[in-house]
Amino acid sequence: MQRQNWLITGVSTGLGRAFAQAALTAGHTVVGTVRSEEDLRAFEGLKPGYARGRSILDVTDDHAVSDVITEVERGVGPLDVVIANAGYGLEGTFEETPLAEVRRQFEINVFGAVATLQAALPHMRRRRRGHLMAVTSMGGLMAVPGMSAYCGSKFALEGILEALGKEVAQFGIHVTAIEPGSFRTDWAGRSMTRAARTIDDYDELFDPIREARQKASGNQLGNPAKAGEAVVRIASVDQPPAHLVLGSDALRLVTTARTAVDEDIRAWETLSRTTDFDEGAQL
């Protein structure tokens, strides 16, 4: 395997750390962003000389993200793979989730990822090669009650990535949405932000969902190390996927959700066709 230079945001814990560890094991150089000096030292200790930490306190700070990527391109070398991984989960029913928290969810999960990819893209475009990835979620292809803001942010990122991939294919640049299911990280534990419960009408639906997610935290089906190996694998192939679903639970839930969409389209196809002019341009 050809050695590559990677940049991954949010490598202190979770899937970001797993992706970085797998890439380091494969012999790649990994620049990982962290939010504290302690995390920086811990990350660089994984493989001295190959693990290069960079501090970014806020991935929504566009200038800080751009400055780091410019510095890495000059000081470490041309980036072959960039993964916008930093993000978090926000749990709460739509009606109970404060609008300020919804905005913050999109700021981190969508605009933080966009800032990272936009900063890396000009360098890759000039070289006519590279692989841009972002971690969305199975929640970017299906939705569950009590996660409207989170799923909304991931659906938005999915759309951005799909359009981006079609724009940059002409430059030899690949784009992949990484769509994990439930993995054994702290995402559903201390890393989850939970909106306060205020409306009793949702208790019957939502309380069991919240309780089940908390009970499963630490015992999820997905193995982060194997997710890291899967991501390293697609970074080495000539035609990587635009979508990489990770985990058998994600496969089952995404397939069910997409089947339901297809069924709606088929059931209402006749009505859909009634909204055309008799003549007009077809896209």
Side-chain angles (χ1 to χ4, degrees), residues 6 8-10 14-23 26 81-91 109-110 113-114 116-117 131-166 168-169 173-188 191-192 209 212-213 216-217 219-265:
W6 290 46
I8 306 172
T9 60
L15 287 177
R17 174 59 70 90
F19 298 154
Q21 184 68 71
V81 178
V82 172
I83 304 180
N85 164 73
Y88 73 102
L90 172 59
E91 183 192 77
N109 288 2
V110 181
V114 167
T116 302
L117 301 181
H131 196 164
L132 297 171
M133 306 190 210
V135 178
T136 65
S137 167
M138 64 179 177
L141 296 173
M142 50 78 68
V144 294
M147 299 292 289
S148 58
Y150 177 76
C151 291
S153 72
K154 296 302 187 178
F155 267 72
L157 187 54
E158 285 279 341
I160 291 169
L161 294 172
E162 188 161 328
L164 172 61
K166 294 173 181 177
V168 301
I173 299 171
H174 303 293
V175 177
T176 298
I178 303 170
E179 297 137 349
S182 181
F183 275 78
R184 202 167 297 182
T185 68
D186 63 2
W187 179 85
S191 295
M192 175 75 73
I209 295 173
R213 184 175 291 119
S217 182
N219 193 40
Q220 294 94 330
L221 184 64
N223 184 331
K226 292 181 178 179
E229 293 168 0
V231 169
V232 168
R233 178 178 175 183
I234 68 161
S236 68
V237 300
D238 292 335
Q239 295 297 325
H243 300 275
L244 179 64
V245 176
L246 296 175
S248 59
D249 57 351
L251 280 173
R252 173 175 52 82
L253 293 168
V254 167
T255 299
T256 299
R258 294 178 74 82
T259 298
V261 172
D262 291 342
E263 289 174 353
D264 262 356
I265 292 172

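Side chains are part of it too, since the values below use all heavy atoms of this structure and drop only hydrogens, waters and symmetry mates. Treat the numbers as computed from the prediction; the structure is a model and nothing was measured.
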Quiz item: Could you state the interatomic distance from CG (Leu253) to CD (Glu179), rounded to the nearest 0.5 Å?
Solution: 13.0 Å
Practice problem: Answer yes or no: is there a side-chain heavy-atom contact under 4.5 Å between Val144 and Ile209? | Solution: no
Quiz item: For the atom pair CZ (Arg258) and CG (Leu141), what is the distance rounded to the nearest 0.5 Å?
Solution: 5.5 Å
Self-check item: Taking every non-hydrogen atom, the tightest pair across Leu251 and Val245
Solution: N-CG1, 3.8 Å
Quiz item: Is the shortest heavy-atom distance from the side chain of Ile234 to the side chain of His174 under 4.5 Å?
Solution: no
Practice problem: Answer yes when Lys166 and Glu162 have at least one side-chain N-carboxylate O distance shorter than 4.0 Å, and no when they do not. | Solution: yes
Quiz item: For Trp6 and Ala235, which heavy atoms make the closest approach, and how far apart are they?
Solution: CZ2-CB, 3.6 Å
Quiz item: How long is the span from the CD atom in Gln21 to the CD1 atom in Ile8, to the nearest 0.5 Å?
Solution: 10.5 Å
Exercise. Apply the test side-chain contact (heavy atoms from CB on, under 4.5 Å) to residues Lys154 and Met147: give CA-CA distance (whole Å), side-chain angles for both, the deciding distance (0.1 Å), then the verdict.
Key: CA-CA 11 Å; Lys154 296 302 187 178; Met147 299 292 289; over 6 Å; no
Quiz prompt | Where Gly89 and Tyr150 come nearest, the two heavy atoms and their spacing | solution = CA-CD1, 3.7 Å
Practice problem: Enter the distance from Lys226:NZ to Arg233:CZ here, rounded to the nearest 0.5 Å. | Solution: 14.0 Å
Exercise. Specify the closest pair of heavy atoms between Val110 and Ser153, including all atoms of both residues, with the distance to one decimal.
Key: CG2-O, 3.3 Å
Quiz prompt | Atom of Leu161, atom of Ala177 and distance for their closest heavy-atom approach | solution = CD1-CB, 3.6 Å
Exercise. Kindly indicate, with the supporting measurements, whether the criterion side-chain contact (heavy atoms from CB on, under 4.5 Å) is fulfilled by Leu157 and Asn109.
Key: CA-CA 8 Å; Leu157 187 54; Asn109 288 2; 5.9 Å; no
Quiz item: Between Arg184 (side chain) and Gln220 (backbone), is there a donor-acceptor pair under 3.5 Å?
Solution: yes
Exercise. Could you pull out the closest heavy-atom pair between Gly139 and Ser137, with the gap in Å?
Key: N-OG, 2.7 Å
Practice problem: Without swapping roles, check the side chain of Asp249 against the backbone of Gly181 for a donor-acceptor pair under 3.5 Å. | Solution: no
Quiz item: With a 4.5 Å limit on heavy-atom distance, are the side chains of Thr176 and His131 in contact?
Solution: yes
Self-check item: Distance in Å, Asn85 CG paired with Thr136 OG1, rounded so as to fall on 0.5 Å steps
Solution: 11.0 Å
